[in-house]
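The next block holds one structure in the form of structure tokens; read it before the comments.
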Amino acid sequence: KHDRDCSDSLSASQVRSAFASFNVYKSTPQIAGIMCMFLRDQGDTGPAEEMAVAFNFERFALLILNFEAYHFVQRKASLYQYSLTFPPSGRIDIFARWTYPLLVLAQLVFFLCAPPLYRMEDG
């Protein structure tokens, strides 16, 4: 299902989509870093470019079994990469929690500024 190119190996983006099936949400660069850390811990050297890492099924299964050791390792990331660590419903919830008070404030300002526009003049 996740090996879309039928190469019998999983790239970092394919591993990311597989982990999303387990409700683990990380960005592709974070997954690539975790895969390279796993390779180093297994005694293998990873590729020079982290995004070029690929796993066969055996290594992927071992990574799943040992994922707790790598799950909480955090690197500095941009806000966008950090947002990818949340499930989509969590991202929407955070967005709503920040925008709702701003919309209520904008509505209050509008209601306070609108009455002078509706004053009727005596004819």
Side-chain angles (χ1 to χ4, degrees):
K1 176 181 173 182
H2 297 287
D3 186 16
R4 292 179 217 105
D5 57 358
C6 298
S7 63
D8 293 331
S9 64
L10 295 172
S11 66
S13 62
Q14 292 169 332
V15 171
R16 178 179 179 250
S17 68
F19 276 128
S21 301
F22 297 109
N23 288 328
V24 175
Y25 297 94
K26 295 214 173 273
S27 67
T28 304
Q30 287 174 326
I31 291 292
I34 289 171
M35 290 169 71
C36 288
M37 281 188 274
F38 180 76
L39 283 176
R40 286 190 296 272
D41 288 348
Q42 295 295 314
D44 294 335
T45 57
E49 176 63 35
E50 280 189 348
M51 293 302 293
V53 67
F55 276 11
N56 59 13
F57 179 75
E58 181 182 350
R59 285 191 192 243
F60 175 69
L62 285 172
L63 178 63
I64 290 174
L65 293 174
N66 297 315
F67 191 70
E68 286 298 317
Y70 304 98
H71 183 60
F72 294 107
V73 175
Q74 294 289 328
R75 293 182 180 178
K76 283 190 172 184
S78 67
L79 185 59
Y80 173 73
Q81 288 178 339
Y82 178 69
S83 72
L84 293 177
T85 63
F86 292 102
S89 60
R91 283 182 264 173
I92 292 171
D93 183 55
I94 291 170
F95 175 76
R97 287 180 188 208
W98 281 94
T99 56
Y100 178 75
L102 296 175
L103 291 173
V104 169
L105 183 64
Q107 183 180 18
L108 178 68
V109 168
F110 175 76
F111 285 149
L112 292 176
C113 294
L117 299 174
Y118 292 105
R119 288 202 181 128
M120 298 184 75
E121 302 210 9
D122 292 335

Minimum heavy-atom separation for Ala20 to Tyr25, with atom names?
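Closest heavy-atom pair between Ala20 and Tyr25: O-OH, 3.9 Å.
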
Minimum heavy-atom distance between Gln30 and Ser27, given as atom pair plus value
OE1-N, 3.0 Å

Considering only residues two or more places apart or on different chains, which pairs with a residue in residues 87-97 satisfy side-chain hydrogen bond (donor to acceptor under 3.5 Å, both in side chains)?
Asp93-Arg97

Within residues 54-63 or reaching into it, pairs that qualify as side-chain hydrogen bond (donor to acceptor under 3.5 Å, both in side chains) - sequence neighbours excluded
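Non-adjacent pairs meeting side-chain hydrogen bond (donor to acceptor under 3.5 Å, both in side chains): Asp44-Arg59.
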
Considering residues at least two apart in sequence or located in another chain, which fulfil the side-chain contact (heavy atoms from CB on, under 4.5 Å) criterion with Ile94?
Phe86, Trp98

Taking only residues two or more places apart in sequence, or in another chain, which ones meet Thr28 in a side-chain contact (heavy atoms from CB on, under 4.5 Å)?
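Partners of Thr28 under the side-chain contact (heavy atoms from CB on, under 4.5 Å) test: Ala12, Ser13, Arg16, Met51.
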
Are Phe67 and Phe22 near enough that their ring centres are under 6.0 Å apart?
no

Nearest 0.5 angstrom please: [X] [atom1] to [Y] [atom2], how far?
X	Y	atom1	atom2	answer
Leu63	Gln42	CG	CD	9.0 Å
Ile31	Glu50	CD1	CD	11.5 Å
Phe38	Leu62	CZ	CG	4.5 Å

Below 3.5 Å, can you tabulate the donor-acceptor pairs from side chains in residues 99-115 to any protein atom, sequence neighbours excluded?
unit_1	atom_1	unit_2	atom_2	d
Thr99	OG1	Phe95	O	2.9

Should Phe55 and Met35 count as side-chain neighbours, where that means a heavy-atom distance under 4.5 Å?
yes

Heavy-atom side-chain proximity of Phe57 to Leu10 below 4.5 angstrom
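They are not in side-chain contact.
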
Checking Asp41 now: which residues fulfil salt bridge (charged side-chain N to carboxylate O under 4.0 Å, His left out) with it, not counting sequence neighbours?
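Asp41: no salt bridge (charged side-chain N to carboxylate O under 4.0 Å, His left out) contacts found.
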
Cluster check Ile64, Met37: I/L/V/M/F/W/Y, side chain < 4.5 angstrom
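Same cluster: Ile64 reaches Met37 through Ile, Leu, Val, Met, Phe, Trp or Tyr contacts under 4.5 Å.
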
